[in-house]
Amino acid sequence: MINSLKNKMVIINNFEEYKKLEGTLAGTSSWHTIDQQQINRFADATLDHQWIHVDEKRAEEEGPYQSTIAHGYLTLSLIPYLWKQIAEVRNVKMEINYGIENFRFGVPVKVNDKVCLQARIKSVNDLKGTVKVVVEAKLLIQDQLRPAYTGDVIFLYHF
């Protein structure tokens, strides 16, 4: 069970510094509370108004979790925000969110749950001037044993 996590920001200035982090736990973000307002805004932005996300009364009375839950894609969309709390990549001309692979949702994130991102650097490769970084992302839920999801995020950097 994860109750409190403290992380020191990782500073990365170039490919060589990134490469030294390969295979290591980069860190853990601060906790972020996913409230109903954020869920509703995400529903509006994505046109996904399924009742399990936005109908608090029905979710409490009929839903399997006795509350609304965050959209899975809402939790995925937090990765860039939470990643920037773990690592500051400097001297970058361009950064691209290139892809996600092997993602599995473990447990739902209920309204008002606190989540944080735990990130491990799986691989760092220089592809003729473009640095491809694969980060194993795990979204932890405060006071829960199982993560909300696990999977790999791929970033491309041009230093």
Once you round to the nearest 0.5 Å, how far does [atom1] of [X] lie from [atom2] of [Y]?
X      : Y      : atom1 : atom2 : value
Glu61  : Asp55  : CD    : CG    : 8.5 Å
Gln37  : Thr33  : CD    : OG1   : 13.0 Å
Tyr81  : Leu117 : OH    : CG    : 12.0 Å
Ser30  : Leu82  : OG    : CG    : 7.0 Å
Lys138 : Arg146 : NZ    : CZ    : 12.0 Å
Arg120 : Thr28  : CZ    : OG1   : 9.5 Å

Does the distance from a Lys or Arg side-chain N to an Asp or Glu carboxylate O, for Glu88 and Arg90, drop under 4.0 Å? yes
Answer yes if [X] and [Y] sit in the same cluster of Ile, Leu, Val, Met, Phe, Trp and Tyr residues linked by side chain heavy atoms under 4.5 Å apart, and no otherwise.
X      : Y      : value
Val10  : Val153 : yes
Ile121 : Ile79  : yes
Ile52  : Val54  : no
Val124 : Ile86  : yes

Heavy-atom pair with the smallest gap, counting every atom of [X] and [Y]:
X      : Y      : answer
Ser29  : Gln85  : CB-OE1, 3.5 Å
Ala119 : Val135 : CB-CG1, 3.6 Å
Ala59  : Trp51  : CA-CZ3, 3.6 Å

Check: Phe42 ring centroid to His53 ring centroid under 6.0 Å: no
With a cut-off of 3.5 Å and sequence neighbours excluded, list every side-chain donor-acceptor pair involving residues 92-115.
{"unit_1": "Glu95", "atom_1": "OE1", "unit_2": "Lys84", "atom_2": "NZ", "d": "3.3"}
{"unit_1": "Glu95", "atom_1": "OE2", "unit_2": "Lys84", "atom_2": "NZ", "d": "3.3"}
{"unit_1": "Asp113", "atom_1": "OD2", "unit_2": "Lys110", "atom_2": "N", "d": "2.9"}

Before giving the answer on side chain to side chain contact (heavy atoms under 4.5 Å, CB included), spell out for Phe159 and Asn13 the whole-Å C-alpha distance, their side-chain angles and the decisive distance to 0.1 Å. CA-CA 9 Å; Phe159 285 97; Asn13 291 295; over 6 Å; no
Are any non-hydrogen side-chain atoms of [X] and [Y] less than 4.5 angstrom apart?
X      : Y      : value
Thr150 : Glu136 : no
Leu139 : Pro147 : no
Leu21  : Val133 : no
Leu78  : Gln38  : yes
Thr130 : Lys128 : no

Determine the interplanar angle of the Tyr18 and Tyr157 rings, folded into 0 to 90°, and report it as parallel if under 30°, tilted if 30 to 60°, perpendicular if over 60°. tilted
Exercise answer: donor-acceptor pairs, residues 67-76 side-chain atoms, under 3.5 Å, sequence neighbours excluded:
{"unit_1": "Thr68", "atom_1": "OG1", "unit_2": "Gln36", "atom_2": "OE1", "d": "2.5"}
{"unit_1": "His71", "atom_1": "NE2", "unit_2": "Asp48", "atom_2": "O", "d": "3.0"}
{"unit_1": "Thr75", "atom_1": "OG1", "unit_2": "Gly72", "atom_2": "O", "d": "2.6"}

Test item: Asn14 side-chain N/O and Glu16 main-chain N/O as donor-acceptor pair under 3.5 Å: yes
Flag if over 12 foreign heavy atoms under 6.0 Å of CD, Glu60: no
Verify the neighbour count for atom NZ of Lys19: are there more than 12 heavy atoms of other residues, nucleotides or ligands below 6.0 Å? yes
Regarding Asp44 and His49, do their side chains bring together a donor and an acceptor under 3.5 Å, going by distance alone? yes
